[in-house]
Amino acid sequence: MNWEICSAVERHADTMGGAWVFRGTRVPVSTLFENLKDGASTEEFLEWFPGVARSHVEAVLDHEVKGLIAPTRL
């Protein structure tokens with residue numbers, strides 16, 4: 001997954017060990033997927049991590065979906 005083209009996230013070697021985080025926060029993108037996997041709703045995630053913008057969550061989810069449906073090259 002090429003997260004470099006998703007404007008809702010960023011990564012810096014000195015922030016959260018270089019993990020992809022929501023832009024302007026220290027919240028790892030993986031935290032969203034872990035919470036969704038465990039049954040949390042998007043609304044709950046946004047309540048628990050108020051620094052994360054709804055638009056960023058939507059952009060990350062859209063980016064993930066596009067990556068799943070993009071044709072693969074053999």
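As the structure is a prediction and not an experimental result, all values here were calculated from the model.
For the atom pair Lys66 NZ and Asn2 CG, the distance stands at 13.0 Å (nearest 0.5 Å). Interatomic distance, Glu43 CD to Trp48 CH2, rounded to the nearest 0.5 Å: 11.5 Å.
For the pair Phe33/Val60, a side-chain contact is recorded, criterion being any heavy-atom separation below 4.5 Å from C-beta on. Between Leu36 and Leu61 the shortest side-chain heavy-atom distance falls below 4.5 Å. For the pair Arg26 and Phe49, the minimum side-chain heavy-atom distance is 4.5 Å or more. Two residues are said to be in side-chain contact when any heavy atoms from C-beta on lie closer than 4.5 Å; Phe45 and Val27 meet this criterion.
By the ring pair (Phe, Tyr, Trp, His ring centres under 6.0 Å) test, His63 is found to be paired with Trp3, residues two or more places apart in sequence or in another chain being considered. Under the side-chain hydrogen bond (donor to acceptor under 3.5 Å, both in side chains) criterion, Glu10 pairs with Arg23, not counting sequence neighbours.
When all heavy atoms are compared, the tightest approach of Ala59 to Cys6 is O-SG, 4.1 Å. The two residues Gly39 and Glu44 come nearest to each other via the heavy atoms O-OE1, 4.2 Å. Val52 and Leu46 get closest at one heavy-atom pair: O-CD2, 3.5 Å.
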